[in-house]
Peer 1: 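Please find one structure pasted underneath; my questions will follow.
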Amino acid sequence: MKFKTLKGLQDILPPDISLWHHIEATARDIFKNYGYREIRLPIMESTDVFTRSIGETSDIVEKEMYTFEDKGKRSVTLRPEGTASFVRAYVEHHIHNNPAPQKFYYMGPMFRYERPQAFRYRQFYQIGAEAMGVEDAKLDAEIISMLSRLLSTIGLTGLNFEVTSIGCKDCRPDYKKALKDYLGDKLKSFCGDCQRRYDANPLRILDCKVPGCIESRKGSPAVLDHLCEECSSHFDKLKHYLELLKVPHTINPNLVRGLDYYTKTAFEVSSENLGSQSAVAAGGRYDSMVKEFGGPPTPGIGFAMGIERIIPLIKNTIDVSDGPELLICPLGDEATEKGFQLTEQLRSNGLWAEINHEVTSLKSQMRKANRIGAKNVIVLGDDEIKAAQVVIRNMSDKSEVTSTLSIDELVKVIRRV
RNA sequence: GUGAGUGUAGUUCAGCUGGUUAGAGCACCUGAUUGUGGUUCAGGGUGUCGGGGGUUCGAAUCCCCUCACUCACCCCA
């Protein structure tokens, strides 16, 4: 084989593509109910858009971005996530002048230069939603509820919704300090990764799965006890509204997000059926990002879901079989010509019709009909043309109905109306 | 970036300690059945054994290198 897809990239072919369409159509449908409108964003941005928002020291920026210089010597980056691009567009087009909340959704590929793994790709697709301009926790509850509805409408079950608050610019530094103070003198009892995390991102120590670390961190201060007045009451309201809307969820104070811009609410949806990369969707509030991008102080909240991680979860539960509504099997030259015309006419009347282009034995034509999943078959030979009448055979129950060669009648009979 | 595993037909895989012409299931094609499919029966192999080098009388098998893929860590949708 001479060429193949690059590492971590994949072709999406039928029948899988039907699952993608199902997910995308369901998302558009649900988003419409909630007043979200589509926004299409470029696939690359000035590198600063990401470094300034995601965080210079985050893993994404430090080692996972597809960054290169264009011919004008500008540093550009293939987007590793959608929110930064969205906020850039929000500010650039003064969208804040519209009545709040302004709600948008997007879908498309993201790029991260990572080692591929099960359900992790270098080009992966996200469907994301962002709601801007409302600080109230009702919006947080609403968007989490929407996500929950979306995922269950798509057909997912057994998902775990985890919610927490990670504080804001004011209280998070205090908490970080309290945590580091507590962990500082017992640092030697932690794994190598955690010792590194202590300086890089101490919050992540709370998420470590090494048994020794779980033991050693027992009794460490909890984020939720260190929230400032405002963050704390925001989180209380969120819990209240989630109860009110009956959105199933658990509180996980150790939930950590890898992006620097999150404030207050953070949430993640995971599945136990995905192996190690279990996150299906994740999101949170970002109340200071618009201002940092040069816009007026504007709160925002959003989430993104990974399509590749949803596909395997619905693969065996959704029927993706398809096939033409009619296959014409011609026998002889005259039938080939007549059938060719007929096929086009049926198509222009809205039917998915096909004709075998090679006149082989009827047996092999029928085999092919079966193989391609044709719902009905017409055998078109000299007799049928002479009589201007055909037999329409239903492939699933073998029932047969006769019809004249009139297009209207054919369509009617095939559709069984 | 780190660690482990796997590369043989379209696909899933067998091929043990080296031994004639590289195999099986599924899929595919043809026929039995001349104008009616799925079941059955008969026939058909579609292959650079990932690539290169080495050891040997002889390598899919052993050794080295390399490439690719997979899973996991880090991290994340």
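Only this structure's heavy atoms are used, side chains among them; waters, hydrogens and symmetry mates stay out.
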Peer 1: Is A:Phe68 atom CZ crowded by more than 12 heavy atoms from other residues, nucleotides or ligands, each under 6.0 Å away?
Peer 2: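 For A:Phe68, atom CZ is crowded (more than 12 foreign heavy atoms under 6.0 Å).
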Peer 1: Using the P atom as the point on both nucleotides, what is the distance between B:A59 and B:A22, in whole Å?
Peer 2: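 Per the computed distance, 13 Å lies between those P atoms.
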Peer 1: For atom C1', what is the distance between B:C73 and B:C13, given to the nearest Å?
Peer 2: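 These two C1' atoms come out 30 Å apart once rounded.
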Peer 1: I'd like the P distance from B:G25 over to B:U61, given in whole Å.
Peer 2: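 Looking at atom P only, B:U61 and B:G25 are 25 Å apart.
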Peer 1: I need the NZ-P distance between A:Lys4 and B:G50, as an integer number of Å.
Peer 2: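 Roughly 13 Å, once rounded to whole Å.
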Peer 1: So does A:Asp70 pair up with A:Arg74, basic N to acidic O under 4.0 Å?
Peer 2: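 So A:Asp70 pairs with A:Arg74 through a salt bridge.
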Peer 1: Would a 4.5 Å heavy-atom cut-off, applied to side chains only, mark A:Pro42 and A:Arg88 as touching?
Peer 2: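 Yes, close enough: below the 4.5 Å cut-off.
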Peer 1: Give the B/S/- string for nucleotides 72-77 of chain B, one per nucleotide from 5' to 3', where a protein heavy atom under 4.0 Å of the base yields B, of only the sugar-phosphate yields S, and otherwise -.
Peer 2: BBBBBB
Peer 1: Requiring both pairing distances under 3.5 angstrom, list the stems that contain RNA chain B and are made of three or more consecutive Watson-Crick or G-U pairs.
Peer 2: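 Stems found: B:1-7 with B:67-73, B:10-13 with B:23-26, B:28-32 with B:40-44, B:50-54 with B:62-66.
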Peer 1: How about A:Thr83 and A:Glu130: does a side-chain donor come under 3.5 Å of a side-chain acceptor?
Peer 2: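 Note: A:Thr83 and A:Glu130 side chains meet the donor-acceptor criterion.
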Peer 1: Work out how far the C1' atom of B:G44 is from that of B:G23, and round it to whole angstrom.
Peer 2: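 Nearest-Å result for B:G44 against B:G23 at atom C1': 16 Å.
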Peer 1: Using the C1' atom in both, what is the distance from B:C16 to B:G53, to the nearest Å?
Peer 2: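 Per the computed distance, 27 Å lies between those C1' atoms.
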Peer 1: Do the side chains of A:Lys169 and A:Asp287 get close enough for a salt bridge, i.e. N-O under 4.0 angstrom?
Peer 2: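 No salt bridge links A:Lys169 with A:Asp287.
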Peer 1: Flag the pair A:Arg347 and A:Glu354 as a salt bridge only when some basic side-chain nitrogen lies within less than 4.0 angstrom of an acidic carboxylate oxygen.
Peer 2: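 Yes, this pair counts.
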Peer 1: Taking the basic N atoms (NZ, or NE/NH1/NH2) and the acidic carboxylate oxygens, is any pair closer than 4.0 Å for A:Arg257 and A:Glu268?
Peer 2: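 Yes, A:Arg257 and A:Glu268 are salt-bridged.
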Peer 1: When rounded to the nearest 0.5 angstrom, what is the spacing between CG in A:Leu224 and SG in A:Cys231?
Peer 2: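 That separation rounds to 10.5 Å.
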Peer 1: Are side-chain heavy atoms of A:Cys171 and A:His226 found at a separation under 4.5 Å?
Peer 2: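 Contact flag for A:Cys171/A:His226 side chains = no.
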Peer 1: Rounding to an integer number of Å, can you tell me how far A:Leu9 CG sits from B:C69 P?
Peer 2: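 Answer to the nearest Å: 11 Å.
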Peer 1: Assign a letter to each nucleotide of nucleotides 31-40 of chain B from its 5' end: B, base within under 4.0 Å of a protein heavy atom; S, sugar-phosphate only; -, no contact.
Peer 2: B-B-BBBB--
Peer 1: Give me the distance, rounded to whole Å, that separates B:G10 from B:G47 when you measure between the C1' atoms they each carry.
Peer 2: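 Each nucleotide's C1' atom is 11 Å from the other's.
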Peer 1: Please measure how far the C1' atom in B:U20 lies from the corresponding atom in B:A60, and state the result in whole Å.
Peer 2: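 These two C1' atoms come out 15 Å apart once rounded.
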Peer 1: Begin from the C-alpha positions of A:Arg217 and A:Tyr182 and carry the test side chain to side chain donor-acceptor pair (under 3.5 Å) through to its verdict.
Peer 2: CA-CA 9 Å; A:Arg217 69 171 179 246; A:Tyr182 179 84; over 6 Å; no
Peer 1: Considering the options A:Tyr66, A:Phe50, A:Phe86, which one meets the side-chain contact (heavy atoms from CB on, under 4.5 Å) requirement together with A:Arg79?
Peer 2: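 Answer after filtering A:Tyr66, A:Phe50, A:Phe86: A:Phe50.
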Peer 1: Taking atom P in both B:G37 and B:C29, what distance in whole Å separates the two?
Peer 2: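 My reading of the P atoms in B:G37 and B:C29 gives 15 Å.
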